[in-house]
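See structure below.
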Number of protein chains: 2
Amino acid sequence: MTREAEQPQPAFGAHDHAHCTADTLARAEAEAVRLGLRLTPVRRRVLEILLEQHRAMGAYEVLDRLAAEGFGHQPPVAYRALDFLVDNGFAHRVRRLNAFAACMHPGETHAPVFLICRSCNVVAEAAGQPVRSALDAAAAAAGFTVERANIEALGLCPECKARELAS
Amino acid sequence: MTREAEQPQPAFGAHDHAHCTADTLARAEAEAVRLGLRLTPVRRRVLEILLEQHRAMGAYEVLDRLAAEGFGHQPPVAYRALDFLVDNGFAHRVRRLNAFAACMHPGETHAPVFLICRSCNVVAEAAGQPVRSALDAAAAAAGFTVERANIEALGLCPECKARELAS
DNA sequence: AGCCGGATTGTTACATGATAACCTCTCCCT
DNA sequence: AGGGAGAGGTTATCATGTAACAATCCGGCT
Ligand SMILES: [Zn+2]
Ligand SMILES: [Zn+2]
Ligand SMILES: [Zn+2]
Ligand SMILES: [Zn+2]
């Protein structure tokens with residue numbers, strides 16, 4: 001039913017980000033309707049904020065934005081919206097950064113792998129089905145059943161790698 | 001030179017843990033000597049504490065133990081020792097739990113994968129070379145170069161799974 | 001209309017995790 | 001002796017995440 005990743009490479013490098021954002025948001029909205037979930041003003045706004053950049057944002061960073069826009073000023077306001085988004089697959093938690101990133105494939109079945117550039121801080125969500133399979137196999141070898149997984153890589157994105165070589 | 005994982009499955013289930021602990025500690029000490037690193041009293045004690053159980057411990061949990069044994073009472077005491085152990089491969093940070101676990105394969109080249117039981121909290125360090133390879137491949141497809149990776153799975157260990165089925 | 005109950009959003013207060021900055025001591029080298 | 005690096009101790013502070021409670025919104029039902 002839901003497939004993964006139409007295009008192999010997003011996030012890094014120049015692209016029509018306005019379209020990228022609008023498209024992802026639209027798919028998220030459709031998915032919310034399909035699931036009967038309420039994408040309320042705060043929740044929707046938080047998702048928009050996360051979508052602005054291909055980066056992960058801390059809860060307090062999001063909260064500052066919300067507060068400046070007339071929403072509540074207290075941590076639970078941000079955490080609740082973020083938790084809602086994460087629980088329902090509209091965003092992901094990037095544990096390495098204690099931060100959150102919008103899901104770029106809402107509604108699709110996907111095992112996300114996060115590629116975090118240590119130089120420019122871009123966070124890309126790559127297709128991780130093969131990685132996940134390998135993980136399941138490794139776990140199975142120990143008799144362990146995987147329910148949820150976090151797969152995160154820190155390194156250099158293509159742009160920053162090129163820039164580093166040029167120096 | 002250094003290979004990975006002699007035995008396929010450790011950590012879960014009953015085993016000669018005294019031997020398991022002593023052996024791992026001995027290998028860590030040998031490795032410290034080989035690398036010219038100083039495994040000072042605090043550092044060594046922290047490693048011993050982490051080795052006591054196949055669990056991950058928070059920095060403050062470790063700190064309480066240190067304080068009770070006459071070491072410093074302040075966070076940096078624990079964090080410095082833990083950072084030393086992590087930086088030099090004697091321990092790992094489990095980001096999902098904001099906690100630390102002793103490395104069960106000190107001195108060996110390894111790409112650890114953590115299997116965290118959500119029921120009994122045991123943390124096992126499984127061999128992750130294949131997972132890491134899949135991750136590198138996925139990253140390479142996006143032009144990304146992986147430098148460090150965190151691969152953590154939450155689920156049920158064999159024991160807890162059996163117990164759950166029995167209920 | 002009027003009422004109810006659950007979901008949502010706001011609040012205060014607090015728990016937990018992590019660092020910055022500074023001081024002293026010891027060991028080793030000149 | 002003098003001096004610097006490394007280690008470990010301190011105080012103080014910052015960052016991240018929750019518990020618990022109050023007000024409000026909203027849909028469904030009399
Ligand atoms: Zn974009
Ligand atoms: Zn980059
Ligand atoms: Zn053991
Ligand atoms: Zn278990």
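In the text below, chain A, chain B and the rest are named by the order of the sequence lines, each starting its count at 1.
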In whole Å, I'd like the distance from the CG atom of Asn88(B) to the C1' atom of dG6(D). 14 Å
Under 4.0 Å between a side-chain N/O of Arg43(B) and OP1 or OP2 of dA7(D), yes or no? yes
Please write out the pairs of protein N or O atoms and N or O atoms of nucleotides 15-19 of chain D separated by less than 3.5 Å, giving the distance to one decimal.
{"unit_1": "dG17(D)", "atom_1": "OP1", "unit_2": "Arg93(A)", "atom_2": "NH2", "d": "3.3"}
{"unit_1": "dG17(D)", "atom_1": "OP1", "unit_2": "Asn98(A)", "atom_2": "ND2", "d": "3.4"}
{"unit_1": "dG17(D)", "atom_1": "OP2", "unit_2": "Tyr79(A)", "atom_2": "OH", "d": "2.9"}
{"unit_1": "dG17(D)", "atom_1": "O5'", "unit_2": "Tyr79(A)", "atom_2": "OH", "d": "3.4"}
{"unit_1": "dG17(D)", "atom_1": "N7", "unit_2": "Tyr60(A)", "atom_2": "OH", "d": "2.6"}
{"unit_1": "dG17(D)", "atom_1": "O6", "unit_2": "Tyr60(A)", "atom_2": "OH", "d": "3.1"}

Parallel, tilted or perpendicular, judged at 30° and 60°: which one describes the rings of Tyr79(B) and Tyr60(B)? perpendicular
Can you tell me if Lys161(B) uses its side chain to pair, donor with acceptor, with the backbone of Gly155(B) under 3.5 Å? no
Could you give me the CA-CA distance, side-chain angles and deciding distance for Asn121(B) and Arg55(B), then say whether side-chain hydrogen bond (donor to acceptor under 3.5 Å, both in side chains) is met? CA-CA 6 Å; Asn121(B) 291 114; Arg55(B) 282 183 45 234; 5.6 Å; no
How would you summarise protein contacts on nucleotides 23-30 of chain C per nucleotide, using B for base, S for sugar-phosphate only and - for none, with heavy-atom distances below 4.0 Å? --------
Nearest-angstrom distance from the residue atom CD of Glu61(B) to P of dA15(C): 18 Å
Checking ring pair (Phe, Tyr, Trp, His ring centres under 6.0 Å) for the pair Phe100(A)/His92(A): CA distance, chi angles, key distance, verdict? CA-CA 6 Å; Phe100(A) 302 81; His92(A) 298 288; over 10 Å; no
Distance check needed: dT8(C) C1' versus Leu85(A) CG, whole Å only. 14 Å
What about Val122(B) and Leu51(B), same hydrophobic cluster or not, with Ile/Leu/Val/Met/Phe/Trp/Tyr joined at side-chain heavy-atom distances under 4.5 Å? no
Report whether Ile116(A) and Leu156(A) are members of the same hydrophobic cluster (ILVMFWY, side-chain heavy atoms less than 4.5 Å apart, transitive linking). no
What is the distance, to the nearest angstrom, from the CZ atom on Arg80(B) to the P atom on dG9(D)? 8 Å
Interatomic distance, Glu69(B) CD vs dG8(D) P [rounded to whole Å]: 15 Å
Can you tell me the distance, in whole Å, between the CZ atom of Phe84(A) and the P atom of dG10(C)? 15 Å
Taking atom C1' of dT8(C) as reference, at what distance in whole Å does atom CG of Leu82(A) sit? 15 Å
Please report the distance, rounded to the nearest Å, between CG in Leu39(B) and C1' in dG6(D). 15 Å
Residues, nucleotides or ligands: over 12 heavy atoms within 6.0 Å of Arg148(B) CZ: no
Taking the side chain from Arg43(A) and the backbone from Arg38(A), do they hold a donor-acceptor pair closer than 3.5 Å? yes
Distance-only donor-acceptor check, side chains Glu125(A) and His110(A), under 3.5 Å: yes
